[in-house]
Each structure stands twice: as C-alpha cells, then as structure tokens.
2 protein chains.
Amino acid sequence: MASVADDISERLETEIVEGLLPPGTRLEEPALAERFGVSRTPVREALQRLSASGLVELKPRRGTRVLNPSIGRIVEMFEVMAELEAVCARLCARRADAELIRTLKAWLMSCETTAAAQDVSAYYEANRQFHHTIYRGSGNGFLAEQAEALHLRLTPFRRQQLRVPRRLRQSLAEHTQVVAAIEAGDEAAAESVQRDHILIQGERFGDFLSQFGAAAQADAG
Amino acid sequence: MASVADDISERLETEIVEGLLPPGTRLEEPALAERFGVSRTPVREALQRLSASGLVELKPRRGTRVLNPSIGRIVEMFEVMAELEAVCARLCARRADAELIRTLKAWLMSCETTAAAQDVSAYYEANRQFHHTIYRGSGNGFLAEQAEALHLRLTPFRRQQLRVPRRLRQSLAEHTQVVAAIEAGDEAAAESVQRDHILIQGERFGDFLSQFGAAAQADAG
DNA sequence: CCTCATCAATCTGCATGCATAATTATGACT
DNA sequence: AGTCATAATTATGCATGCAGATTGATGAGG
C-alpha cells in the first residue's frame, strides 16, 4: 500500500534521526536509487518530503544533504520547542480529563523504571510517549502534530543529552512537577515548568557543543 | 535561476492564498502541465512542496486537492497561530530595540491609513508586514519562519474575516495596544493582547470543540 | 426509477533518456 | 611548488513512456 517514495522517505528519516546519517552527509540521488533498487524518481520525491519536514537541505542544482544547522539555529529550535511544549502543558492543564492523567502517570512511571534500569532506548521511548501524551492532551490535534514534528526534527540533536545521569534525575523530577500541575489544573505552573524543562535541554546542548569549540560551527548555510 | 518547479509552486501558492483556487479544488497534473507548458515532472514537485507547506492535500493514488479542513481543524490552527504570535510578541517586548519599534509603528500607521482608505489589498499587505515585524522582532529566526508559514497557510481562511468594518476597527485598536506593550517592555501584556487578537479570528471555539473531541472531524473533503 | 456491476477513459506512480550545471581532475603558467 | 584556467566526469532538472489504480459512465437487474 505504501508507495516506494513513502518507504524510502521513512527509511531515510529513521536513519537521520538515529544518527546513522550524520548532519552534513550528502545524499546523492543515483547512489540512493541504486541502494534501494529503484529509479531516481521516487528518491527525488522522498528527498523533497524530507526537505519539507526539515530534516535535509535541498539546494537547487547543488544537491541534498542532511541538515547541519548552526548552534544558534539549534538553540532557536529548542526555544520554539520549549514554547510549544509550554502551550501544550497549559492547555492540557485546562482540558485534561481523568483518563489522560492516568495515561500520563503511567508513562511517568515507565520513565522512572526504565531510567532506574539504565535502559536508554526504552527510556527514550517512554519519554517520547510522555511528551506525546501532553501534546494530545492539549485537545488541539494540529498543535499536537506540530509539536510531534518538531520533536522528531530535534531528535538528532537531543541524542547526546541525557547521557548525564544527574540531568536525567532532574528531568524526571520536572516530569513529576508537570503532572502535578496538570492534575491540579494549574495552567501557569504547567506552562512554566514545561518551558524550563525543555529550555534546559537547549542550554545543555550549547554546553555540550561548546566542548568541541568552533568545529561544530560548520554551518550548512 | 529559479527552477520551473519553484516557479509553479509559487504561482499555485498565490492562487490558493488569494482564493482563485478555492479549498477542495482538484489539481490534476496533466492539466497543470499543459497550462504551464511543462511536463508533469516539475508539476509533481511543486505539488509535493505545496503539500509540505500544508496548502494542498496529497492522497496516494487519489490525486491532489486544495486543502479543505473542517471548521474544527481551522479553529485549531488559529489557536496555534495565536500562541505563536503571543510568544513572538512576548519575546519582542523583551528584546525589541528602538529601530524595530520605529518599524512597527510605521506599519501600524500604514494599517490605519489603508484601512481608512478602504484599500483592502493594501491593508492586507500592511497587516502582514506588521505581524511579520513582530515575528522578526522575537529575535528567533526559526520562530519567525514558523509563524510566517502558518500565517500564509491560514490566509485563505482569514480572507473573509475582516469584511466586517467593526472587526477591522477593533483589530486596529489591538495593534495599537500590542505596540504599546512592546514599547513598554511589558511581556505579559504583549503576549496576552496578541493572543486574544488572533484568537478572536478563530472565534474562540477551541475550548468548546475540545469537549466534543472527534465530533469536530466533520470534514467537508 | 433507483441500485449495483462492469467497462472505458483518465490519472497517478515509477522508469528511462537527455541537456545543462556543478564538481573534480588535469595541466599550464607565474 | 603553488595558483589559476581548462577539460572530463558526475549529478541534477526536466521530458517522455508505460503499467496499474481510480474515476465516471454505461447498461443490467431489482
């Protein structure tokens, strides 16, 4: 049922998100076409979609490469992510029902257990589901989609974040605070806690990259 | 320099935004190809981009048509627009310099004069520039791009809004308030005023519709 | 008269070919 | 030897062709 272009788009997307295709990697149509055993046409369509979702950069007549944003750009994206999540949390506090709060608490617990078990990939999934639940809990499907899309887009740069165990504990504490605020219907608190929760990741990213100095400044234009 | 696909994409975009291609219109590749005097290939690419920017809907094997979202969906989009604008206004109040405030006041005055002159299209442009200035004034280029993109995407549905003269006067008053708040550095006021300014356009049915959940799925397409 | 099944016309998705621009490799000149 | 200019190679953008799916049109049956 899924078209070839869709399939290629998905496979490339996961490879980019999982870090197999690092930022800056050039994606040449003939090579991809041969690799997937298809012609260039569906490959081109797949690249178009990835370009639209902001994962790759498609310069006219100059080829496609995995997006390699500057540090400043990434910080900007985390800022927007923080604001989107803050809005979701606020609307969630306003509109959430008992069912959603139960789901939220379930994922919170899942985050805690996977973190305790040092299961990194399971923690990532639980964390993603936790945030996803808040997006959906906003009661605004469009907002949820936008948040999900940006979350995905930022995944390649969030990957290194939670290697620091102390940050992970603090992150769990913030999750608990957000759930409490949402359950209490405290919109302002939910918004504020969630915004800072994400903003810290942006700052952490800056700290992380500053270790590498200007080398990471390799801008894709 | 601009590729054929880019050109077609832009032309279709303006036609959709300006209402020449109403929501629900089917876009057939052979017809467009003949109309623009090119082959189907660049037409397909153009449609892909429009699909990515959310102006058209591209169902596999079932063709492309101008996006015709349900009322509930439009309300959701306006709600997100309101939140994005609110964030821009808040950051603008925090970071704006004298130069930006001068520009903002200039566009505000342009809005007033074009409104007084009943020049609808000129007013639209002045209004767009006014909001655009706030986006840029946020100091976050990524945020500005997102806001601009959503603003464009909502244009077909905002077109009928300001036909009501009373709404137009109120809109101008709200603009004045936002500028005042930004100039005073009052982040909370700027955020609040701007959010309501946009929310009124979406008619504030967000809370109402969220209670019904899937009931808002009554899609006309 | 209306509903449903079958068939023709049309459109979409993918493959392939070609011209042009960009990238890389090579050689001449300072 | 280093730098610049030139040529070969490669990739991109668009045109064209074909198989399969979808749309609607036509005719049979209730």
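Scope of the values below: all heavy atoms of this structure, side chains included, with no hydrogens, waters or symmetry mates. Order of the sequence lines sets the chain letters (A, B, ...), proteins ahead of strands, with each chain counted from 1.
Under the salt bridge (charged side-chain N to carboxylate O under 4.0 Å, His left out) rule, A:R35 has a single partner from A:E28, A:E15, A:E29, which is A:E15. Each of B:L100, B:N140, B:T133, B:V87 was compared with B:C92 under the side-chain contact (heavy atoms from CB on, under 4.5 Å) criterion, and only B:L100 meets it.
Counting only distance, with no hydrogens or angles, the side chain of A:T114 and the backbone of A:S110 share a donor-acceptor pair below 3.5 Å.
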**Fill in**
In B/S/- notation (B base, S sugar-phosphate only, - none; protein heavy atoms under 4.0 Å), nucleotides 8-16 of chain C written 5' to 3' is ---SBBBBB
**Message:** Apply side-chain hydrogen bond (donor to acceptor under 3.5 Å, both in side chains) to residues B:Y135 and B:E85 and explain how you reach the verdict.
**Reply:** CA-CA 7 Å; B:Y135 303 159; B:E85 296 243 12; 2.6 Å; yes
**Asked** What's the verdict on side-chain hydrogen bond (donor to acceptor under 3.5 Å, both in side chains) for A:T41 and A:R44, showing C-alpha distance, side-chain angles and the deciding distance?
**Response** CA-CA 5 Å; A:T41 306; A:R44 278 181 70 83; over 6 Å; no
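Under the 30°/60° scheme for interplanar angles, the aromatic rings of B:H197 and B:H131 are found to lie parallel.
The aromatic ring centres of A:H151 and A:H132 sit 6.0 Å or more apart.
From one end of the helix from C:dC1-D:dG30 to C:dT30-D:dA1 to the other, with five pairs defining each end axis, the axis direction shifts by 20° (rounded to 10°).
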